[in-house]
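First the proteins, then the strands, lettered A, B, ... as listed; each starts at 1. Reckoned from all heavy atoms, side chains included, excluding hydrogens, waters and symmetry mates. Keep in mind it's a predicted model, so treat the numbers as computed, not measured.
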Amino acid sequence: MSPAIALIDGNSFYCSCERVFDPKLAGVPVIVLSNNDGCAIARTAEAKALGIRMGEPYFKIRDLCRREGVRVFSSNYALYGDMSARANAVYRTFAPDVEVYSIDESFLDLSDVRERDRVELARDLRATVRRWTGLPTCVGIGPTKTLAKLANHIAKSIPDLRGVCDLSDENERAAWLVGIPAGEVWGVGRASLAKLQALGVDTVADLRDLDLRPARKALTVVGERIIHELRGRACLPLELVPARWQGCAMTRSFSARITERAELEQAVAAHAAQLGEKLRRDGLATNQITVFYHTSEHDRGDPMRSTSTVIHLPEATNDSLALIKAAQHGIARTWREPVGIPWRYSKAGVITTDLVPLAESPRALFGALDRERSGALMAAMDACNTRFGRGSVVPARAGLVEKRTWSTKFEMRTPRYTTRLAEVPSVLAHLPA
DNA sequence: TCTGGGGTCCTAGGACCC
DNA sequence: TCTGGGGTCCTAGGACCC
């Protein structure tokens, strides 16, 4: 039995999640915006056809959207995350070995399925996901992850394939690869593409046939791996158990510029508190954080400032209060009073890059934290926030959620239909008299 | 007026060690 | 003027991904 990997992904995933709960959105252009309603990060086929590009700032296309009747939504991550979990639950009923690669993409191991049955299974999977979750998907199949990704790309661009493309057969595969630009390959970005083109590589077939030596010279081992994968030799195993995070970040653009130290301190404290919350969910901890904030590169003519500093803790922790203290220390260390025009800060964040499981982390000889107390307090706080909703209990320094002037904007967000009881859709049934 | 956020992997180069 | 040969570890920066 030849190895086979399928990549299944949701079409215009965020937009499709919105469509599941509003049938009127079918067939009309839909886009979903990034945080602060900044950029278009998901577009349906109809929106793409209007020329709306990935990452396009919303203010530039607002008129177009109004004119063309594009339905515009803020990101509703609670909804998308939950829909993603539902889709993966369906995948697992078809193939037990699933790697959840991103919120809208999963790799499935189909090695145990006979080659001639794979396409049919994939079609069945698509139909079932559609029926059970409402989400449209496409499936690509190949002997390696890279080829499965490529197959998925083909499935999405050729309607005749009805959402499934199988590149298992070497001859069929070769015929496809000559017609696809090398830039479509997973792992070949802009910079790599330019180097490849200098080597005379234009199509995926060219890349597959490139000698390993020049490939390695131009693109390091990453490029060599891609070529092996294109030739059908797997270098990227299925990661069935999610790897432990190495780092974690909480960074946000403000909905309005910040000039006051107190506001900046509050924002950074809120980020530190949320970072602690994320770490606690996975039992992870950190003994150093980086705090940064900066003005916007789009504010031409304004004074620019960007600063970042690393704060070390006596021992690893995920206690929000300890992280807040460290983060505010970072502000104290870097804050500068403006002399003339104040700096208008646009974004701040707290980052860690060295996560360790709290239980395995060494204790400090001096300055050790009281983990018993801290653990109990944090557990109580997390329990309140789970039960009564996020932001019900926050550390004082992070400020009450509704009083945060810098908070991210989500002005066009749909209800969190599947994760908030207060927001589930209601149905009215009129009985005949 | 309004321009996202969160990850991973790889390499080169410096510091340091014996 | 001449001045070895290995290691390891860390960091910054680049590239890529969704």
Phosphate contact ([N] OP1 or OP2) by [X] side-chain N/O below 4.0 Å:
{"X": "A:Ser253", "N": "B:dG5", "value": "yes"}
{"X": "A:Ser34", "N": "B:dT3", "value": "no"}
{"X": "A:Arg216", "N": "B:dC10", "value": "no"}
{"X": "A:Arg225", "N": "B:dC9", "value": "no"}
{"X": "A:Lys278", "N": "B:dG7", "value": "yes"}

Side chain of [X] only, heavy atoms from C-beta on: which candidate in [options] is closest?
{"X": "A:Pro57", "options": "B:dG6, C:dA15, B:dT3", "answer": "B:dT3"}
{"X": "A:Tyr101", "options": "B:dC10, B:dG4, C:dC18", "answer": "C:dC18"}
{"X": "A:Gln246", "options": "B:dC2, B:dG6, B:dT8", "answer": "B:dT8"}
{"X": "A:Thr220", "options": "B:dC10, C:dC17, B:dG5", "answer": "B:dC10"}
{"X": "A:Trp186", "options": "B:dG5, C:dC16, C:dC17", "answer": "C:dC17"}
{"X": "A:Lys149", "options": "B:dT3, B:dC9, C:dC17", "answer": "C:dC17"}
{"X": "A:Ala249", "options": "B:dG4, B:dT3, B:dG7", "answer": "B:dG7"}
{"X": "A:Met250", "options": "B:dG6, B:dG4, B:dT3", "answer": "B:dG6"}
{"X": "A:Arg252", "options": "B:dC2, C:dA15, B:dG5", "answer": "B:dG5"}
{"X": "A:Trp245", "options": "C:dC16, B:dT3, B:dT8", "answer": "B:dT8"}

Contact class for A:Asp37 (heavy atom, under 4.0 Å): base, sugar-phosphate, or nothing?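 Since no nucleic acid heavy atom lies under 4.0 Å of A:Asp37, the category is nothing.
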Using a 4.0 Å heavy-atom cut-off, does A:Glu105 contact any base of the nucleic acid, only the sugar-phosphate backbone, or nothing at all?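 Touches sugar-phosphate only.
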Hey, is CD on A:Glu297 packed in by over 12 heavy atoms from elsewhere, all under 6.0 Å?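 Incorrect, the count does not exceed 12.
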Would you please indicate yes or no on a ring centroid separation below 6.0 angstrom for A:Trp186 and A:Tyr101?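 When the ring centroids of A:Tyr101 and A:Trp186 are compared, they turn out to be within the sub-6.0 Å range.
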Check the pair A:Trp132, A:Phe94 against ring pair (Phe, Tyr, Trp, His ring centres under 6.0 Å), reporting the backbone distance first and the verdict last. CA-CA 13 Å; A:Trp132 292 1; A:Phe94 280 75; 7.6 Å; no
With distance as the sole criterion, is a donor-acceptor pair present between the side chains of A:Glu263 and A:Thr405 under 3.5 Å?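 On atom types as modelled, these side chains qualify, holding a pair under 3.5 Å.
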Is it the case that the side chains of A:Ser320 and A:Arg280 hold a donor-acceptor pair, with the cut-off being a distance below 3.5 Å and no angle test?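 Yes, a side-chain donor-acceptor pair sits under 3.5 Å.
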Walk me through it: do A:Arg213 and A:Glu224 pass the test side chain to side chain contact (heavy atoms under 4.5 Å, CB included)? CA-CA 8 Å; A:Arg213 290 285 291 278; A:Glu224 216 177 312; over 6 Å; no
Tell me which of A:Tyr58 and A:Val221 sits closer to the 5' end of DNA chain B, going by the nucleotide each one is nearest to.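 It is A:Tyr58 whose nearest nucleotide is closer to the 5' end.
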A:Lys347 vs A:Arg344, nearer the 5' end of DNA chain B by closest nucleotide: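 Taking each residue's closest nucleotide, the earlier one in sequence belongs to A:Arg344.
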Take atom CD1 of A:Ile103 and atom P of B:dG7, then tell me their distance rounded to the nearest Å.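 From A:Ile103 CD1 to B:dG7 P: 13 Å.
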Can you tell me, in whole Å, how much space there is between the P of B:dT3 and that of C:dC18?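 Here B:dT3 and C:dC18 have their P atoms 25 Å from each other.
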